[in-house]
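One structure below.
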Amino acid sequence: MDNQLFDELLASIKEAGAISRGELEPSRTFTYEIPDIKAIRKKTGLTQAQFAQKLQISPRTLQNWEQGHRNPTGPAITLMKLLDKQPDLIDLA
């Protein structure tokens, strides 16, 4: 590894540490609106166990999502948004 690349990596790590400690603001942030999982599941007409099985997640994970203890991330949020608009998509799974 050449010195310039090493210096850039080191500077990046130091910047990440400063952001983590709250000393610097990140250059960009991403926010996601968390959908109402319980309302979406009810639109499908499935029980928690059935819905979890269709999504291939544990029923406990679904319960945590519905109760707001945890939130779905990335692809799961996208899937929930799709199911919110077209609840019958889950029948295809």
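Every heavy atom of this structure was used, including side-chain atoms; hydrogens, water molecules and symmetry mates were not.
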(message) Is there a path of hydrophobic side-chain contacts, each under 4.5 Å between heavy atoms of I/L/V/M/F/W/Y residues, joining L83 to Y32?
(response) no
(request) Can you see which heavy atom on L55 is nearest to which on M80, and at what distance? (result) CD1-CE, 3.4 Å
With rounding to the nearest 0.5 angstrom, report the [atom1] to [atom2] distance, [X] to [Y].
X   : Y   : atom1 : atom2 : result
L79 : I57 : CG    : CD1   : 9.0 Å
R70 : R60 : CZ    : CZ    : 10.0 Å
Q50 : I90 : CD    : CD1   : 9.5 Å
L10 : N3  : CG    : CG    : 11.5 Å

(request) Would you tell me whether Q63 and Q67 have side-chain atoms, one donor and one acceptor, within less than 3.5 Å of each other? (result) no
Would you call [X] and [Y] a side-chain contact if the rule is heavy atoms closer than 4.5 Å?
X   : Y   : result
E15 : L24 : yes
W65 : K38 : no
F6  : Q4  : no

What side-chain donor-acceptor pairs closer than 3.5 Å can you find for residues 39-46, not counting sequence neighbours?
from	atom 1	to	atom 2	distance (Å)
R41	NE	E66	OE2	2.5
R41	NH1	L46	O	3.0
R41	NH2	E66	OE1	3.4
K43	NZ	D84	O	3.1
K43	NZ	D84	OD1	2.5
T44	OG1	R41	O	2.5
T44	OG1	L46	N	3.3

(request) Name all residues meeting the side-chain hydrogen bond (donor to acceptor under 3.5 Å, both in side chains) criterion together with E33; count only those two or more places apart in sequence or in a different chain, and write none if there are none. (result)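 With sequence neighbours excluded, E33 shows a side-chain hydrogen bond (donor to acceptor under 3.5 Å, both in side chains) to no residue whatsoever.
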(message) Using a 3.5 Å distance criterion without hydrogens, assess whether the side chain of E8 forms a donor-acceptor pair with backbone atoms of L5.
(response) no
(message) Among I34, I37, I77, which residue satisfies the side chain to side chain contact (heavy atoms under 4.5 Å, CB included) criterion with N71?
(response) I34
